[in-house]
Every structure is written in structure tokens, then in C-alpha cells.
Amino acid sequence: MSKFTLTNGKTIVKPFNKIWIIVACVALLLYLFSRFIPFDPTFIKLDQLKVILEKMFTPKGNRTWNDYFMYIPKSLMRPLQETINMSFAGTIIGSLIAVPLAVLSAKNIVKTKFIYIPARFLMNLFRTIPAMILALIAVFFVGTGILSGIIAITLFTFGIMSKMLYEVIETIDMNPVEALESTGATKVESLRYAVMPQVLPMFVSYLIYIFEINVRASTILGYVGAGGIGTVIKDNILYNYDRVGASVLLMLVVILFVQMLSSFIRSKLQ
Amino acid sequence: MIKFVDVSKTYPNGVKALRGVNLEVKDGEFVGIIGLSGAGKSTLLRSINKMISITSGKLYIDDIEISSIRGKELRMLRRSIGMIFQSFNLVKRMSVYNNVLTGRVAYHPTFKTVFGLFPKEDKLMALESLDTMGILEKAFTRADQLSGGQQQRVALARALTQKPKLILADEPVASLDPITTVQVMDDFARINRDFGITVIANMHHVDLALKYATRIIGIKDGEVVFDGKSKEITDEKLVQIYGRSLRHDEVLGE
Amino acid sequence: MRAAELALKRKPKRWVINLVFVGATVAAMVYSFAGSTINWTRVRTIGISLRVMMEGFADLQWDFFFGTGIFRFEEGVIYLTLVTLAVAFIGTFMGAVLAIPFGFLASHNIVGKRVARIGEAILVIIRVFPEIVLALILLKGFGMNALTGVMTIGIHSIGMLGKLFAEAIDNMDKSPLEALDAVGANAWQKIRYGIIPQVAADVSSITLYRLDINVRSATVLGIIGAGGLGASLILAADSWSWNILGTILLAIVIMVLTVDAISSYLRGKLV
Ligand SMILES: Nc1ncnc2c1ncn2[C@@H]1O[C@H](COP(=O)(O)OP(=O)(O)O)[C@@H](O)[C@H]1O
Ligand SMILES: [Mg+2]
């Protein structure tokens, strides 16, 4: 707080700016949290970063550049296909099973607290757990391979889609629902004819967006045994950095492509 | 025939929207309901198809007491009553045809309607209703491409497709401009006359109510304070219903 | 009747398109599953797996959780959770600070279309570079510890934050900048008095949202040794010790839900 006196004798008080409280809080948290992070300059070997990048993006030993790049079509197509397949299947199944939960979580459709509160709890529970941990658990149940990837991505998609979808449902125009009810329609019929047409475009748009996220996530799910490119990365991380590098390059191209395709389709949907 | 016996409605928040209403509406009548905003007009109208349930009294439709019906019976009741809303209540992203076809959903089991499996008669019925309303050529355009007046006609076509014996209209022309208003009101009059469908309409503009309705019901604070032929309405009666003389916006003017 | 019948013939055959669409999706699904080698013995024993998991969950290791008894506090879940939170928080902070210049660099309003394109391209590359691979690289330079986690999250977050910051800058009201031009302000002064006051709320809100994501990332990064809960998680998973896994999962759920709740509360305050 500071006080100003004008030349004509009037005084005015400038109130304390709350921004300083926020700055102080952030600074305090940074200080407290920094005590959990080891910081010893003698252990930092930045030159090693250059070494590993070189190892990743140049052919190893007596391999040629031709070997480096031919590895992609020769050995990475099948894992890539697995990655895409599990993202696709998981996105579709997860989104479909998210629909009933989203409906049950929407306050404007289900008016009883006893239904929408537990529904939302379930939804948040799935959203909490990172996809990789879901994959880890899935591997326990069905073994390593693409099936556990599909299960992990399904559950992960289920969590995000149900949240996004219920938020859309809660913003729809309820007038058509009223009209449908006035004709004697059942709840399911009102959902089909008054709610679905309003949310379908957003649903499809989210579906594509989540597919994009899933391709990115599924790249690494293989790291815990869920198949796809991640498995290749894990298998080669100790001795064949150039194979890892080639996999990363392939994934960059694929993800960029999926992202462009996804924004193109979504812009068409608007 | 509709019969209200001592009907009252108290909303959960304690608002008494209807107080001891007694009424009888015969088949084929065109009833205009007038009154101040908040007088209870919508509540009265919506209690007829149980979009809201009354809290006391009895309400008969064709001698069936409706306060206890639910489930399938309720849906059967509602499908025999068309309802028209101030903001049309169409599914904007859906075609006009599909909107009108929703008037048939209560005639078929849900497992068929969710897949859009309607018999051919129903499809023709929907298109004929559109033809009756003079907008058949708009059948396969999206509802939000239409003007307000056209959208209200689609809503009327949807109601007609229900093959109703009664149409309830809650401020049907309040969102329309004066010229369209007259056209839509003419449509109501025609439906009432040609198909013998009873029409009960809430109206904001008193002169419209007087022009089109054969009978006027005046509501004030949830009570019926006037019930008689349109011709019997006088300025004193209006003062009684409105508690004051009419404001400029409550008459359409010529 | 005639008119209606003719109109019915005109009805667009939407169902044909729908059928083709649904058919194609189903076919692609079948294909996706067909490519997968399913371990049927494992699938058949799901019931047993479930029982094993439930038994583990019923036997949560509270000494391990609190870091008491035979465990040192630094080995306990609470401590590891704090490390995970620290990685997420400091990493997010670092990412936000680094993202600010990138935000300007990718903003059409500030640097013009040409430069903004380059800025956007850099941000896209950062965004699509798999986080775990980035961590594997940084591991060599910063060691198997939480610092690697911080660096990974800090760098990876720039991609999304920079893009959203640029959008916030591009969406703001430009008239105050004109006014500042009129009083003769230089570029830095325009940023301080014309841009920061306008975008501060959006930028904070975006950063809080990213914190939600990063808390989950920090957990996962531990799996490859970048500090926090992940390392214990993967160790327990290797031997399928569900009692230990369950204890860690409990901490993850509590941590993520708490951070989500705080962050959405604060974001609500910001608008
Ligand atoms: N769902 C509701 N909950 C509580 N009060 C309501 C509800 N609907 C209407 N009311 C109240 O009931 C009274 C009558 O409302 P309404 O029937 O809509 O009047 P009108 O249609 O004549 O304007 C008003 O005081 C209104 O505020
Ligand atoms: Mg009303």
C-alpha cells in the first residue's frame, strides 16, 4: 500500500496489488519443491547429449545411411501398423462406451444426484490414471502385445471422451427435448432425436482429436509391453541408438501427418 | 373434452401458479388464454399434457383423470396432444422432414424408432402435414435454414403428424414479426376449422386473441377471472384481467 | 397424397452413406484386432489375475506409503509423490518461462506472418517429439534422477504452451498497443503495459491446465528413471506385487485428483 499526496494537498491511497501474493506463493513453492530435485553440476554432462543425438541420428558402426533408412520400411512397418491399429480400435471402443457414461453424467438429462455424481466419479477415476500405467495393468491381465495396448487406449479414451462429451451435452439446447417429450417420446427417443443430432458433430470431432492424442501416446506404450513402435524403442535403447533414432523419425512424420489430417477433417466438420 | 376441477399448482419453490381453477373446454373450440406475464398461463397449458403435474384437484381429458397416469399411458396421452412453443423447439441441425417425423415416435416401439425405422404411411403422413402447411418443398432442408414463420409451420406440421385431437400453443407467435404472426395465426384458424382440432393458445397480444379465438379465458395470479366469448370482452374486463389498462406492446395494432 | 409420394421419392438416401461409413469402420476394427496376437491362456485366466490384484489391493503397505517402519522416509510413497509433484511443478514453471519468448515468436500480431510460421514449426516439432524419447536422451546428460524429469517436462511443455500463448496474444485487443505507440512507447514498454496485463490471466490459466497434464507425465517419466513414483511403480510391476502397486496407485489417484481440483478452482478464479 502506498500513499500519494498531490500538489494541491489531496491524498490518495494505492491499494496493495494482489499479484504480489501470487508471486510470493509461486516463489515459495518453487523453493520448497526445488529441495526435492538433486542439482549437482558435477554430474551434468551436457557433452553426452551431443553424443547420444549423434548416435541416434547417424548409422551405427559399419552400417551405411542406406541401412539406416531402409530399416524403416524393412522392420518398422509392422510395429507402425500395430501402433495405428491399437490407437484406432481403442479410440472407437473407448468413445462408444463413453457415451452412456457421458449421458448419465449430464445434469440436464439425468436430474438425480444419485446417478450423476457417482457417474462423474467413475469418469474422473479413469481420467486420473496415465495411459502408460493402464497399459502396465493391461499387460498383467492379457499379456504383452497389442491387445493390452488396445485395452489401455480404450480405458484412456473412455476417461477423456466421457468428460468432453458430457460437457457438450450440458450445453445443448433443451427446447427440442421438451418438444420430443411433449409428443410422448420415451427418454431414449428424446436422446436419439433431440440430443444426438446436437452433439454428433462434436462427438466426431473429439473422436478424431482423441485418435491423434492416442497415436502419440501409443508410440510409447510399447515401452511397458503393449506392442507397436514403443517395443522397438525399448528393445534397441541399450545398444542400437540408430534404430531408436529411425523409429523416432518415422513417428515424427506419422504424428505430423495424423495431426494435419485431424485438423483438416475437424475444420471440415465445423 | 377437457375438464379442470379445483386444479391448483404449487411449484417446489412455493410459488402458487394455479389456484382452484375450474374449466371445461369442448371439442373443436379455439380458446385464447390471456393475462399478465407470470399469471400462470403456461402452467395451465402444460398441466393439460402433464409436462408439469398439478399438485391438487382433478384434471380430466375425455373423462380420464390424468394426475395418476404415467409410463405408457402418459405417452399415449401426449401423442394425442400437439404442442407448439414460442421458440419452435425444432432440432436445428436436423432436416425439416426428420423433425416432422418425430411426431410419430410415440406410435412405435423405441427399438424401431431409434434406428429411424418408420412405416411408409408415417413418412407420407409427415410429408402431407408439410404439404398442408405449404412448405413441402422445404422437406429436405435443414431446419435452421428456414425463417421463423417457416419454422413455426414445421412445428405445426410436427404436431399435425401426431394426428392430435388437441393442440396446445404457448405464445406461438411471440418470436415472429407482425406479418408472419398473422399468417401463422391464420394457419391455426384453418387447422381448427378444417380438421376440427381443438386449439388452446396463450397469447401476449390481446387483439390477436380476440380476433382468432372464439372463447377467451383471462388469468390473474393463477385464478380464472374471465371466461366467455371473445365478443363479451370489454375494456373494463381487460382492466380486471390485467389490473391496469393495456400497455402499447400488449396490442398488435393494425 | 400425390405430392407427398413424389416428395418421398426425392428423399436423400442418407442411410446408404451411413451404412458405408459404419461398415468401413467395423471392417477396420476387425482388421485391427486380426493383426493382434492374443495370448489366449492369459485371457482365460483373467479371473485369477483379478483375484490376485484384489488381494494385493486389500493388503496396502502403509509403512511403505508413509515411509515408516522398515522404510526410510525417502523411500516412502509420500516422499516419492512429493518428488513427482516437484518435477511437475518446476518443470511446468520452466516450460512456461521458456514458452513466453516462443509465444511471441509464433504470434502473427507481433512478429508478422513469415516469422510466426517458423516459430509455429519449431513448436510443432517440440510438441510431437515423444516425451519419453526426449527423457531417454536427456537422461544421458542429467543422470538417472529427478533433474532429468524437470528438464524433460520443461522442454516438452514449451510445444503446447508456446502455441496457446501465441493464440492468446493473437486474440487480444490491439487498440491499447496503438495508444502506447501514440505515447511513444518502445517494444519492451509495449509488452509490459500493453500485452502482459491483457494476456496474464489466459497465460496463467493455460499453464495451470498444463500442470494437470504434467503431473501425469511426471509419474510416467519415473518409469525410465527420471525420478519420483515411476521407478518404484515399474519395479513393483515387474514382480506384479499388487500390494505395492496398489499403494502407489492410491497415491497417484489422490495426487492427480487434488492437483486437478486445485488447478480448476484457480482457473475458475482467473476468468
Ligand atoms: N419451474 C418453475 N419453478 C418455479 N416457479 C415457476 C416455474 N415455472 C413457473 N413458475 C412461476 O409460476 C408463476 C406462473 O408462471 P407461468 O405459468 O410461466 O406464467 P405465464 O406463462 O402466464 O407467464 C410465475 O410466478 C413463475 O415465476
Ligand atoms: Mg408463459
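By convention in this document, chain letters (A, B, ...) are assigned in the order of the sequence lines, proteins followed by strands, and residues within each chain are numbered from 1.
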### Query
So which of C:I90, C:I46, C:V43 has the biggest tally of heavy-atom pairs under 4.5 Å with chain A?
C:I90
### Task
Show the numbers, then the answer: is there a side-chain contact (heavy atoms from CB on, under 4.5 Å) between A:L134 and A:I151?
CA-CA 8 Å; A:L134 292 172; A:I151 293 173; over 6 Å; no
### Message
Is A:M86 in contact with chain C via its backbone, its side chain, both, or neither, using a 4.5 Å heavy-atom distance?
### Response
neither
### Task
Output yes when a side-chain donor or acceptor of A:R35 lies under 3.5 Å from a complementary backbone atom of A:Y31, and no otherwise.
no
### Message
Would the distance check show the side chain of C:E75 and the main-chain N or O of C:R72 forming a donor-acceptor pair, the cut-off being under 3.5 Å?
### Response
yes
### Query
Relative to each other, are the rings of A:F33 and C:F89 parallel, tilted or perpendicular (30° and 60° limits)?
tilted
### Query
So, does A:N240 use its side chain to make a donor-acceptor pair with the main chain of A:D242 at under 3.5 Å?
no
### Query
Is there a donor-acceptor pair closer than 3.5 Å between any side-chain N or O of C:S263 and the backbone N or O of C:Y209?
no
### Query
With a 4.5 angstrom heavy-atom cut-off, which part of A:V224 approaches chain C: side chain, backbone, both or neither?
side chain
### For A:T157, all residues meeting side-chain hydrogen bond (donor to acceptor under 3.5 Å, both in side chains), sequence neighbours excluded
A:N214
### Task
Report yes or no: does A:S205 contribute a side-chain atom to a donor-acceptor pair with the main-chain N or O of A:P201 at less than 3.5 Å?
no
### Task
Given side-chain contact (heavy atoms from CB on, under 4.5 Å), test A:F88 with C:T25 step by step and report yes or no.
CA-CA 10 Å; A:F88 179 78; C:T25 310; 4.2 Å; yes
### Short side-chain to backbone donor-acceptor contact, A:S95 and A:T91, under 3.5 Å
yes
### Summary
Under 4.5 Å to a heavy atom of chain C? For A:V142 that would be both
### Message
Can you tell me which portion of A:L29 sits under 4.5 Å from chain C's heavy atoms? Options are side chain, backbone, both or neither.
### Response
both
### Query
With only heavy atoms counted, which part of C:T41 is less than 4.5 Å from chain A, the side chain, the backbone, both or neither?
neither
### Message
With a 4.5 angstrom heavy-atom cut-off, is it the side chain or the backbone of A:I133 that approaches chain C, or both, or neither?
### Response
side chain
### Task
Please state whether the side chain, the backbone, both or neither of A:I84 comes within less than 4.5 Å of a heavy atom of chain C.
neither
### Message
Given heavy-atom pairs under 4.5 angstrom as the criterion, report whether the side chain, backbone, both or neither of A:L136 touches chain C.
### Response
both
### Message
What part of C:R127 gets within 4.5 angstrom of chain A, counting heavy atoms only: side chain, backbone, both, or neither?
### Response
both
### Task
Under 4.5 Å heavy-atom distance to chain A, tell me which part of C:V215 shows up: side chain, backbone, both or neither.
neither
### Task
Could you tell me which non-hydrogen atom of A:S148 sits nearest to which non-hydrogen atom of A:A226, and how far apart they are?
OG-CA, 3.7 Å
### Summary
Per-residue tally against chain A (heavy atom, under 4.5 Å) across C:S49, C:S204, C:G227 peaks at C:S49
### Stepwise side-chain contact (heavy atoms from CB on, under 4.5 Å) test for C:F33 and A:N85
CA-CA 8 Å; C:F33 272 98; A:N85 282 355; over 6 Å; no
### chain A neighbours within residues 129-143 of chain C, where any heavy atom lies under 4.5 Å away
C:F129, C:P130, C:I132, C:V133, C:L136, C:I137, C:L138, C:K140, C:G141, C:F142
### Task
Verify, without hydrogens or angle tests, whether A:T58 (side chain) and A:E54 (backbone) share a donor-acceptor contact under 3.5 angstrom.
yes
### Side-chain ion pair, A:R120 and A:E167, N-O less than 4.0 Å
no
### Query
Using non-hydrogen atoms only, which part of A:F140 is less than 4.5 Å away from chain C: side chain, backbone, both, or neither?
both
### Query
By a 4.5 Å heavy-atom criterion (distance strictly below it), what part of A:S34 contacts chain C: side chain, backbone, both, or neither?
both
#### Entry: Most contacts with chain C, counted as non-hydrogen pairs under 4.5 angstrom, among A:I137, A:I233, A:D47, A:T144
A:I137
### Query
Could A:R243 and A:Y71 be counted as a cation-pi pair, given that NZ or CZ must be under 6.0 Å from the ring centre and within 45° of the axis?
yes
### Query
C:Y193 and C:Q198: side-chain hydrogen bond (donor to acceptor under 3.5 Å, both in side chains), yes or no, with the steps?
CA-CA 9 Å; C:Y193 291 101; C:Q198 288 199 67; over 6 Å; no
### Query
Taking side chain as C-beta onward, heavy atoms only, is A:F36 less than 4.5 Å from C:L85?
no
### Task
Count the heavy-atom pairs under 4.5 Å between each of C:I48, C:V124, C:L50, C:T45 and chain A, then report the option with the highest count.
C:L50
#### Entry: Under 4.5 Å from any heavy atom of chain A - which part of C:V150
side chain
### Task
Evaluate the side-chain contact (heavy atoms from CB on, under 4.5 Å) criterion for residues C:R210 and C:I213: first the C-alpha distance (whole Å), next the side-chain angles of each, then the deciding distance (0.1 Å), finally the verdict.
CA-CA 5 Å; C:R210 184 71 211 188; C:I213 300 176; 4.0 Å; yes
### Task
Let me know if A:L30 has heavy atoms under 4.5 Å from chain C in its side chain, its backbone, both or neither.
both
### Query
Can you find a heavy atom in the side chain of C:V87 that is under 4.5 Å from one in the side chain of C:L221?
no
### Message
Using a 4.5 Å heavy-atom cutoff, which residues in residues 231-255 of chain C come close to chain A?
### Response
C:L233, C:I234, C:A237, C:W240, C:W242, C:L249, C:I252, C:V253
### Message
So, using side-chain hydrogen bond (donor to acceptor under 3.5 Å, both in side chains) as the criterion, who are the partners of A:R127 when residues are at least two apart?
### Response
A:N124
#### Entry: Which portion of C:A200 sits near chain A, non-hydrogen atoms under 4.5 angstrom
neither
### Query
Out of A:L46, A:I92, A:I22, which one racks up the most heavy-atom pairs below 4.5 Å with chain C?
A:I92
### Task
Count the heavy-atom pairs under 4.5 Å between each of C:A28, C:G149, C:A86, C:A146 and chain A, then report the option with the highest count.
C:A86
### Task
Could you have a look at C:T219, C:L82, C:D260 and say which one has the most heavy-atom pairs with chain A under 4.5 angstrom?
C:L82
